[in-house]
> 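What follows is a single structure, and I will ask about it in a moment.
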Amino acid sequence: MYDIIIIGAGPAGLTSAIFARRADKKVLVLEALTYGGQIINTPDIDNYPAAPHISGYDFATNLYNQALELGTEIKFEKVIDIEVTESIKKVITSENQYECHSIILATGADNRKLGIPMEDELLGKGISYCATCDGAFYKDKLVAVQGGGNVALEDAIYLSNLASKVYLIHRRNQFRADETLVKKVKSIGNITLVLDSNVIALNGNDYLEGIDVKDKDGNVTRIDVSALFVAIGRIPENQNFAKLVNLNEFGYVISDETCHTNIDGIFVAGDNRTKKLRQLVTATSDGAVAATEAIKYINNKK
Ligand code: NAP
């Protein structure tokens with residue numbers, strides 16, 4: 001029997017584990033894929049206080065090791081269901097079942113897809129959702145990025161150092177990304193902006209050979225690129241909890257700065273909850289708050 005089961009080993013979940021272990025609670029972290037969450041793909045974080053220039057990979061690895069050193073159990077198993085009774089909570093994975101007093105949902109969010117034909121078939125063959133993972137395959141080639149947020153602009157900057165040319169395609173003529181990134185993108189010679197436009201078709205059978213881009217007037221242009229990096233935001237990973245906790249219309253767990261959900265003893269931390277600002281610093285902050293609330297809940301119960 002665990003005191004707290006944390007679902008997700010990203011910055012929010014691992015920070016929860018650190019706080020819970022320091023309160024001497026028995027903690028299990030369950031992670032479906034690998035530790036680190038979204039941040040693992042960021043080359044240079046640069047806005048986390050007192051840690052300038054750290055890479056996402058180093059940040060996540062430090063966090064993971066810190067949680068392990070404090071005695072957190074971490075298992076790589078996909079959670080498929082949660083059962084709640086008055087006295088106990090049961091977390092069911094594809095391999096096992098675990099019992100606990102309290103749960104923290106820290107599952108983060110997954111890549112949003114364009115939803116156009118061949119997107120799945122060409123994954124890894126020209127379609128990618130991670131420039132830092134796959135950019136090196138396209139050295140000196142023509143590539144494109146779709147999106148207008150921080151991730152898309154960071155990807156375009158990163159790729160401009162590898163590819164011969166980067167087309168940055170965005171559906172509006174204003175970027176959502178921070179102004180510093182917008183200025184930087186505009187200053188880089190081998191980034192071409194394609195605004196008010198969307199990728200509507202992917203050309204190529206075995207590998208991506210080009211994309212069709214449609215502008216707001218309906219004109220379609222073919223651009224011959226070897227890769228398209230899709231960076232159009234993320235979808236919260238709450239599908240398995242939809243019957244259990246209240247979600248909003250976009251699928252985020254409804255909560256506030258206390259990280260409580262509508263179920264007693266179940267808390268939520270990080271990008272999968274309703275909040276104004278989804279950043280690394282707010283994810284780790286949530287991790288600390290959710291763990292503290294879970295500790296209070298367990299102590300009161302005992
Ligand atoms: P985001 O900020 O939500 O931006 C998504 C972008 O994709 C928007 O420009 C959006 O266009 C566009 N988009 C959404 N759906 C689309 C569709 N179906 N077709 C075409 N375009 C579509 O997402 P993000 O860039 O992944 O960033 C996620 C969060 O992480 C943000 O809060 C971001 O600030 C944060 N982040 C921070 C850092 C950092 O601090 N260093 C780095 C990376 C990410 P519209 O603008 O028209 O809606």
Side-chain angles (χ1 to χ4, degrees), residues 10-12 36-60 106-120 127-133 135 144-159 166-186 191 193-202 211-216 220 223 228-237 248-252 269-286:
Q38 297 169 59
I39 202 66
I40 207 148
N41 297 320
T42 295
D44 193 359
I45 293 173
D46 236 14
N47 64 0
Y48 196 83
H53 311 308
I54 192 166
S55 72
Y57 178 80
D58 286 345
F59 183 93
T107 40
D110 196 11
N111 303 312
R112 176 174 288 120
K113 295 190 173 184
L114 287 170
I116 56 177
M118 295 300 285
E119 190 173 359
D120 289 339
I127 295 294
S128 171
Y129 300 88
C130 177
T132 46
C133 315
V145 175
Q146 168 103 45
N150 280 336
V151 170
L153 272 69
E154 281 184 350
D155 284 359
I157 294 164
Y158 178 75
L159 292 165
V166 181
Y167 295 92
L168 176 58
I169 303 158
H170 178 39
R171 65 182 177 184
R172 294 187 293 135
N173 65 2
Q174 294 288 314
F175 287 108
R176 184 179 292 275
D178 298 347
E179 198 47 41
T180 45
L181 285 173
V182 176
K183 276 193 186 136
K184 181 135 196 223
V185 154
K186 287 182 176 170
I191 298 180
L193 302 185
V194 183
L195 300 178
D196 287 322
S197 298
N198 277 305
V199 177
I200 56 155
L202 306 172
I211 53 180
D212 290 345
V213 177
K214 189 175 182 180
D215 70 16
K216 66 178 191 321
V220 177
I223 307 178
L228 171 65
F229 293 87
V230 181
I232 59 170
R234 299 201 149 77
I235 298 170
E237 293 263 34
N248 76 358
E249 58 188 311
F250 304 111
Y252 290 92
D271 279 8
N272 59 327
R273 80 164 174 93
T274 51
K275 54 158 74 181
K276 286 261 163 64
L277 182 65
R278 292 193 178 85
Q279 288 283 313
L280 182 56
V281 72
T282 62
T284 55
S285 165
D286 274 9

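Order of appearance sets the numbers: ligands from 1, and atoms from 1 within every ligand. These numbers were taken from a predicted model, which means no experiment stands behind them.
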> Out of Gly148, Ala283, Ala231, Gly56, who gets a non-hydrogen atom closest to atom 9 (O) of ligand 1?
Gly148
> Which residue supplies the protein heavy atom nearest to atom 34 (O) of ligand 1, what is that atom called, and how far is it?
Asn150 ND2, 2.8 Å
> Hey, does Leu193 have a side-chain heavy atom less than 4.5 Å from the side chain of Lys186?
yes
> Under the 3.5 angstrom rule, does the side chain of Asp286 hit a backbone N or O of Gly270 as a donor-acceptor pair?
yes
> Quick one: nearest non-hydrogen protein atom to atom 16 (C) of ligand 1, plus distance?
Arg171 NH1, 3.3 Å
> Give a yes or no on whether atom 28 (C) of ligand 1 lies under 4.0 Å from any heavy atom of the protein.
no
> Once you restrict to heavy atoms under 4.0 Å, what part of Gln279 touches ligand 1? Side chain, backbone, both or neither.
side chain
> Side-chain atoms of residues 109-118: list all donor-acceptor pairs with protein atoms under 3.5 Å, sequence neighbours left out, distances to 0.1 Å.
residue : atom : partner : partner atom : Å
Asn111  : OD1  : Arg234  : NH2          : 3.4
Arg112  : NH1  : Ile232  : O            : 3.0
Lys113  : NZ   : Asp120  : OD1          : 2.8

> Can you pull out the closest protein heavy atom to atom 14 (C) of ligand 1? Residue, atom name and distance to 0.1 Å, please.
Ile232 O, 3.2 Å
> Taking non-hydrogen atoms only, is Gln174 closer than 4.0 angstrom to ligand 1 via side chain, backbone, both or neither?
neither
> Which atoms of ligand 1 have any heavy atom of Arg234 under 4.0 Å away?
26 (O)
> Heavy-atom contacts with Gln146 under 4.0 Å: which atoms of ligand 1 show up? List them by number with element.
20 (C)
> Can any side-chain N or O of Asn248 pair as donor or acceptor with the backbone N or O of Phe250 at less than 3.5 Å?
yes
> From Arg278 CZ over to Asn272 CG, what is the distance, rounded to the nearest 0.5 angstrom?
8.5 Å
> Tell me the nearest of Arg172, Glu154, Arg176 to atom 48 (O) of ligand 1, using heavy-atom distances.
Arg176
> So which heavy atom in the protein is nearest atom 32 (O) of ligand 1, and how far is it from that ligand atom?
Arg278 O, 3.1 Å
> Would you indicate which of Val151, Leu280, Asn198 comes nearest to atom 19 (N) of ligand 1 when only heavy atoms are counted?
Asn198
> Under 4.0 Å from ligand 1, counting heavy atoms only, is it the side chain of Asp178, its backbone, both or neither?
neither
> With heavy-atom distances below 4.5 Å as the criterion, would you say the side chains of Leu280 and Phe59 are in contact?
yes
> Report yes or no: does Ser197 contribute a side-chain atom to a donor-acceptor pair with the main-chain N or O of Val213 at less than 3.5 Å?
no
> Enumerate, atom names and distances included, each donor-acceptor pair closer than 3.5 Å involving a side-chain atom of residues 168-185, sequence neighbours excluded.
residue : atom : partner : partner atom : Å
His170  : NE2  : Gln174  : O            : 2.9

> Should Asn47 and Val281 count as side-chain neighbours, where that means a heavy-atom distance under 4.5 Å?
no
> Is it true that Tyr48 and Thr284 share a donor-acceptor pair across their side chains at a distance under 3.5 Å?
yes
> What distance do Asp155 atom CG and Asn150 atom CG have between them, rounded to the nearest 0.5 Å?
10.5 Å
> Are any of the N or O atoms of Lys113 closer than 3.5 Å to those of ligand 1?
no
> Give the residue and atom name of whichever protein heavy atom lies nearest to atom 23 (O) of ligand 1, and the separation in Å to one decimal.
Gly233 CA, 3.5 Å
> Tell me the contacting part of Asn47 for ligand 1: side chain, backbone, both, or neither, using a 4.0 Å heavy-atom threshold, strictly below.
side chain
> In ligand 1, which numbered atoms sit nearer than 4.0 Å to a non-hydrogen atom of His170?
9 (O), 11 (O), 45 (P), 46 (O), 47 (O)
